[in-house]
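In what follows, a single structure is set out as structure tokens and then discussed.
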Amino acid sequence: MNQAVQQVINHFPSQEERIWQLWQADEDFQEVCHDYTLCLETLSRWAVAATTQQTQEYLSLRRRLEFEIEMKIENGKENHHEN
């Protein structure tokens with residue numbers, strides 16, 4: 001299983017089916033998932049070494065990416081129900 005999509009599923013477990021649908025059909029969604037994974041990896045590496053400002057910037061980025069992913073999941077549901 002792709003690490004990027006797994007990280008997103010770990011954060012949004014109740015949306016696993018929809019996440020897989022988006023992953024297979026939407027390259028932009030895949031890119032956001034990859035960005036999210038890179039962000040999480042950076043935060044993990046910086047847990048000890050980073051400055052507070054760096055950590056705060058990446059925590060903010062993580063929240064923005066989570067919001068973007070959530071919006072794509074929700075918008076995808078609406079579009080899926082219209083078909």
Side-chain angles (χ1 to χ4, degrees):
M1 178 180 299
N2 184 289
Q3 181 183 1
V5 74
Q6 185 59 55
Q7 289 285 351
V8 173
I9 290 169
N10 289 346
H11 190 76
F12 300 99
S14 66
Q15 302 297 328
E16 182 174 1
E17 182 179 338
R18 185 64 194 133
I19 290 166
W20 276 115
Q21 290 170 349
L22 286 167
W23 179 261
Q24 293 172 355
D26 187 340
E27 288 183 26
D28 185 51
F29 183 76
Q30 292 175 14
E31 185 176 323
V32 173
C33 292
H34 285 292
D35 290 346
Y36 181 66
T37 298
L38 290 173
C39 179
L40 293 178
E41 289 172 355
T42 300
L43 281 168
S44 178
R45 282 193 311 271
W46 284 359
V48 176
T51 66
T52 302
Q53 181 179 355
Q54 289 172 315
T55 302
Q56 290 303 316
E57 288 173 4
Y58 268 77
L59 288 171
S60 178
L61 174 61
R62 184 187 76 191
R63 287 189 295 271
R64 286 193 313 268
L65 289 167
E66 288 170 353
F67 178 77
E68 186 174 350
I69 290 166
E70 190 171 16
M71 290 298 96
K72 288 182 174 295
I73 291 169
E74 291 303 316
N75 288 338
K77 283 183 183 176
E78 292 170 9
N79 293 337
H80 185 70
H81 289 295
E82 291 175 3
N83 292 334

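Nothing fancy with the numbering, it's 1 onward along the sequence. Every heavy atom of this structure was used, including side-chain atoms; hydrogens, water molecules and symmetry mates were not.
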- SG on Cys39 to CG on Leu65, rounded to 0.5 Å: 6.0 Å

- Is the Trp23 ring parallel, tilted or perpendicular to the Phe29 ring (thresholds 30°, 60°)? perpendicular

- Note on the structure: Output for pair (Gln30 CD, Asp35 CG), nearest 0.5 Å, gives 12.0 Å

- Query: So do His34 and Asn2 actually touch side chain to side chain, heavy atoms under 4.5 Å?
  - Reply: yes

- Using the rule that two of Ile, Leu, Val, Met, Phe, Trp, Tyr join whenever any of their side-chain heavy atoms come within less than 4.5 Å, decide whether Trp20 and Val32 are in one cluster. yes

- Query: Tell me, do Asp28 and Lys72 make a side-chain contact under 4.5 Å, heavy atoms counted?
  - Reply: yes

- Under the 3.5 angstrom rule, does the side chain of Asp26 hit a backbone N or O of Leu22 as a donor-acceptor pair? no

- Nearest-0.5 Å distance, CZ of residue Arg18 to CD1 of residue Ile73: 8.5 Å

- Message: Under the salt bridge (Lys or Arg N to Asp or Glu O under 4.0 Å) test against Glu66, which residue among Arg63, Arg62, Arg64 passes?
- Response: Arg62

- Query: Is there a path of hydrophobic side-chain contacts, each under 4.5 Å between heavy atoms of I, L, V, M, F, W or Y residues, that connects Leu38 with Ile69?
  - Reply: no

- Query: Do Arg45 and Glu41 come close enough that some side-chain heavy atom pair is under 4.5 Å?
  - Reply: yes

- Message: Please determine whether the number of non-hydrogen atoms from other residues, nucleotides or ligands lying under 6.0 Å from atom CZ of Phe12 exceeds 12.
- Response: yes

- Message: Nearest 0.5 angstrom please: Ile19 CD1 to Gln6 CD, how far?
- Response: 9.5 Å

- Of all heavy-atom pairs linking Ala4 and Thr37, the shortest is CA-OG1, 3.1 Å

- Query: Going from CG on Leu59 to CG on Leu43, what distance comes out if it is rounded to the nearest 0.5 angstrom?
  - Reply: 5.0 Å

